Amino acid sequence: ERAVRYFPNNPRLMYSRGLIYHTLGRLDSAMTCYQHTIKLQPTYYQAFFQSGLINQKYRNYYGALANYQRVQQLRPQFPRIDTYIGFCYE
């Protein structure tokens, strides 16, 4: 928390904060952190993936699909990304 206050434009810190919120089940806060990470660094594919997981949990399959497709563009060798994309079509 303190580190983010000192370095608010550090995408790695913002992403890490999102992971903490995600682990704690505070999905709205996690999504906000992931979106901020993406705003700071639009190629941060991990933030797109985590956003996709949250969108999928909320049954926002169009949002999840967009997130997963962006991961696929940025990192085609991302493990099982095709599987996650397939889940959005079920």
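If you're wondering where the values come from, they're calculated on a predicted model, not measured in any experiment. Throughout, residue positions are numbered sequentially from 1 according to the sequence presented.
- In this structure, the side-chain contact (heavy atoms from CB on, under 4.5 Å) partners of Arg80, at least two apart in sequence or on a different chain, are Thr83, Tyr84.
- Side-chain contacts under 4.5 Å among hydrophobic residues (ILVMFWY), followed directly or transitively, place Ile20 together with Leu24.
- A single hydrophobic cluster is not seen to contain both Tyr58 and Ile38; linkage of ILVMFWY side chains at heavy-atom distances under 4.5 Å, directly or through other members, places them apart.
- Thr32 meets the side-chain contact (heavy atoms from CB on, under 4.5 Å) test with no other residue; sequence neighbours excluded.
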Distance-only check: which donor-acceptor pairs under 3.5 Å involve side-chain atoms of residues 41-57, not counting sequence neighbours?
unit_1: Gln50; atom_1: OE1; unit_2: His22; atom_2: ND1; d: 3.3
unit_1: Ser51; atom_1: OG; unit_2: Ala47; atom_2: O; d: 2.9
unit_1: Asn55; atom_1: OD1; unit_2: Asn60; atom_2: ND2; d: 3.2
unit_1: Asn55; atom_1: ND2; unit_2: Ser51; atom_2: O; d: 3.3
unit_1: Asn55; atom_1: ND2; unit_2: Asn67; atom_2: OD1; d: 2.7
unit_1: Gln56; atom_1: OE1; unit_2: Tyr68; atom_2: OH; d: 2.6

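- Between Cys88 and Ala64, the shortest heavy-atom distance links the atoms SG-CB, 3.8 Å.
- Taking His36 as the reference, Met14, Leu40 meet the side-chain contact (heavy atoms from CB on, under 4.5 Å) condition, with sequence neighbours excluded.
- Taking OG1 from Thr37 and CZ from Arg17, the interatomic distance works out to 10.0 Å, rounded to the nearest 0.5 Å.
- No chain of hydrophobic side-chain contacts below 4.5 Å, direct or via other Ile, Leu, Val, Met, Phe, Trp or Tyr residues, connects Met31 to Tyr21.
- Residues meeting the side-chain contact (heavy atoms from CB on, under 4.5 Å) test with Tyr89, sequence neighbours left out: Leu65, Gln69, Ile85.
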